[in-house]
Amino acid sequence: MQVQRQALERAAGAAPDLEATIRAGLRAIGPESREAAAGLKGWATAGALDKVAHGWHIKINSIADHVADFEPKLRETARHVERAEQDTTQLIQRLRAW
């Protein structure tokens, strides 16, 4: 198996920007959804629109939370890969010296 530590680090570095983009988009749709529901006042679709918007808000917020978790996990994975490579190199060097 080949793992590119630099790719893991780049992905980890991109995670905060991706999370921020997701959360900004989520904030942007809230007022528009409320405005649309207000325009449908008295209609059953107004309540349905509110319910759907709320459900999407919860789901998208959960996705943003997962993306936020990517950064530390990817960095930790990169450290583990580096450590495994170092350990393997040392073992091979010891075997060659033996």
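Side chains included, hydrogens not; waters and symmetry mates left out as well; all remaining heavy atoms used. Please read all numbers here as calculations on a predicted model, not as lab measurements.
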Contacts of Thr77 meeting side chain to side chain contact (heavy atoms under 4.5 Å, CB included) (sequence neighbours excluded), chain-then-number -> Leu8, Val81
CG of Asn61 to NE2 of His66, rounded to nearest 0.5 Å, is 10.5 Å
Short side-chain to backbone donor-acceptor contact, Ser62 and Ile58, under 3.5 Å: no
Rounded to the nearest 0.5 angstrom, the CZ-CD1 distance for Arg27 and Ile22 is 11.5 Å
_Please check if the number of heavy atoms outside Glu35 that lie under 6.0 Å from its CD is greater than 12._
no
For Leu49 and Ala36, the nearest pair of non-hydrogen atoms, with its separation, is CD2-CB, 3.5 Å
Tightest non-hydrogen contact, residues Ala15 and Val67, listed as O-CG1, 3.5 Å
Scanning both residues in full, the closest heavy-atom pair of Arg5 with Ala78 reads CD-O, 3.6 Å
Between the OG1 atom in Thr89 and the CZ atom in Arg94, the distance rounded to the nearest 0.5 Å is 11.0 Å
dist Lys73:NZ -> Glu76:CD (nearest 0.5 Å) comes out at 9.0 Å
So CG of Asp87 and CD of Glu82: to nearest 0.5 Å the spacing works out to 10.5 Å
In this structure, CG of Leu40 is separated from OG1 of Thr45 (nearest 0.5 Å) by 4.0 Å
message = In this structure, would Ile63 and Ile29 fall into the same cluster of hydrophobic residues linked by side-chain contacts under 4.5 Å?
response = yes
Quick note, salt bridge (Lys or Arg N to Asp or Glu O under 4.0 Å) partners involving residues 59-72, not counting sequence neighbours, are Arg23-Asp65, Glu71-Arg75
